[in-house]
Amino acid sequence: MAAFKLSVVVAPPEAEFEAVARIPLEEAAPLVARYEFDGIEISLLDPKSYTASKIESILSPYGLEVPAFSTGLNFIHLGYSLTSPNRELRERAVERLKEFVDLAEPLGAGVIVGLMRGRTSKGQSVEEALSLLVEGLKVVCEHAEGRGVDVYLEPINRYETDLVNTVEEALRVLDLVGSPALKLLLDTFHMNIEEPRIEESIKAAKGRIGHFHVADSNRLAPGMGHIDFKFVLAALKEAGYRGYLSAEVIIKPSLEEVLRTTRATLKPIIEELESQ
Ligand code: LER
Ligand code: MN
């Protein structure tokens, strides 16, 4: 079985989200490769601002892959949301996600639905919003299935959204959508807030995890807070997950230090688990 791999989330410098490296891809690639990461998760506003071959030309000289595209900037900057009561914003969200799928296909990447699920609006019940979410995801996933691309739904903590905070809630949405393309993206920062025991929730998601975000309890690099990644990675292995561990973290004190610490924390654990 393939081994765990490391990536870090890189966003354009103008991104209004702090838990990413805000630096042009061209500058990120040599640094990330120097610390022996395997890939870069790309956070983008407009998927049409890039072509797959342009991305490949930047990353492949360094042997880097793209595990996934992060889409949340479309909610933060433009309000595109799968659950917006405004039909136009909902339709734009679906369109954008389909365009991300098209960009992801030739790169073998997945597409993340995190903040683009939105949050309930005034006068809208959680049930109404969830049914819009399921409806939107069905359309996006049908498009993704036809292209062999996976879509990753991420449970996000209660302070950022009131829709789908826990692994259990996300699994329910997966069941309602019923698409083989739809998998979970779990993020240790959100799990540390929402899940009673991170390891148990990972095991409960066995076979349904498609992507994984690593951040420590304070959203700094793994090793800068108090999450014990030994237990997290052991649970992932038990749950049959061996894909990317993608660092979605606040870049402090520097990107180099984030890369160095993430690697120094996770690599020995990965090596120990692979040897068992
Ligand atoms: C995105 O992956 C994430 O984890 C959320 O906090 C959205 O910002
Ligand atoms: Mn995340």
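Counting convention: from 1, in listed order, for ligands and their atoms alike. Counting begins at 1 with the first residue of the sequence.
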(request) Determine the sole option in Arg119, Arg117, Arg219 for which the salt bridge (Lys or Arg N to Asp or Glu O under 4.0 Å) test with Glu160 is passed. (result) Arg219
Under 4.0 Å from any heavy atom of [X], which atoms of ligand 1 are there?
{"X": "Leu115", "result": "7 (C), 8 (O)"}
{"X": "Asp187", "result": "4 (O)"}
{"X": "Glu248", "result": "1 (C), 2 (O), 3 (C), 4 (O)"}
{"X": "His213", "result": "2 (O)"}
{"X": "Phe17", "result": "8 (O)"}

Is there a donor in the side chain of [X] and an acceptor in the side chain of [Y], or the other way round, less than 3.5 Å apart?
{"X": "Ser70", "Y": "Ser43", "value": "no"}
{"X": "Thr166", "Y": "Glu195", "value": "no"}
{"X": "Ser217", "Y": "Asn192", "value": "no"}
{"X": "Asn218", "Y": "His226", "value": "no"}

(request) Decide whether an N or O pair under 3.5 Å exists between His190 and ligand 1. (result) yes
(request) Would you mind finding which of Glu154, Glu160, Arg219, His211 brings a heavy atom closest to atom 2 (O) of ligand 1? (result)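 Nearest heavy atom to atom 2 (O) of ligand 1 lies in Glu154.
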(request) Nearest 10° is fine: what angle sits at the Mn ion (ligand 2) between OE1 from Glu248 and OE2 from Glu154? (result)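 OE1 of Glu248 and OE2 of Glu154 make an angle of 180° at the Mn ion (ligand 2), to the nearest 10°.
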(request) Determine which of the N, O or S atoms in Asp187 is closest to the Mn ion (ligand 2) and give its atom name. (result) OD2
(request) Would you mind naming the N, O or S atom of His213 nearest to the Mn ion (ligand 2)? (result) ND1
(message) With a cut-off of 2.8 Å, does His190 put an N/O/S atom close enough to the Mn ion (ligand 2)?
(response) no
(message) I'd like to know if Glu272 and Lys230 make a salt bridge, using a cut-off of under 4.0 Å between side-chain N and carboxylate O.
(response)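 Judged by the 4.0 Å cut-off on N to carboxylate O distance, Glu272 and Lys230 do not form a salt bridge.
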(request) May I ask you to decide whether Glu65 forms a salt bridge with Lys5, counting only side-chain N to carboxylate O separations under 4.0 Å? (result)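 Here Glu65 pairs with Lys5 in a salt bridge, since their nearest N and O are under 4.0 Å apart.
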(request) Would you please classify the geometry between the Tyr152 ring and the His211 ring as parallel, tilted or perpendicular, with 30° and 60° separating the classes? (result) parallel
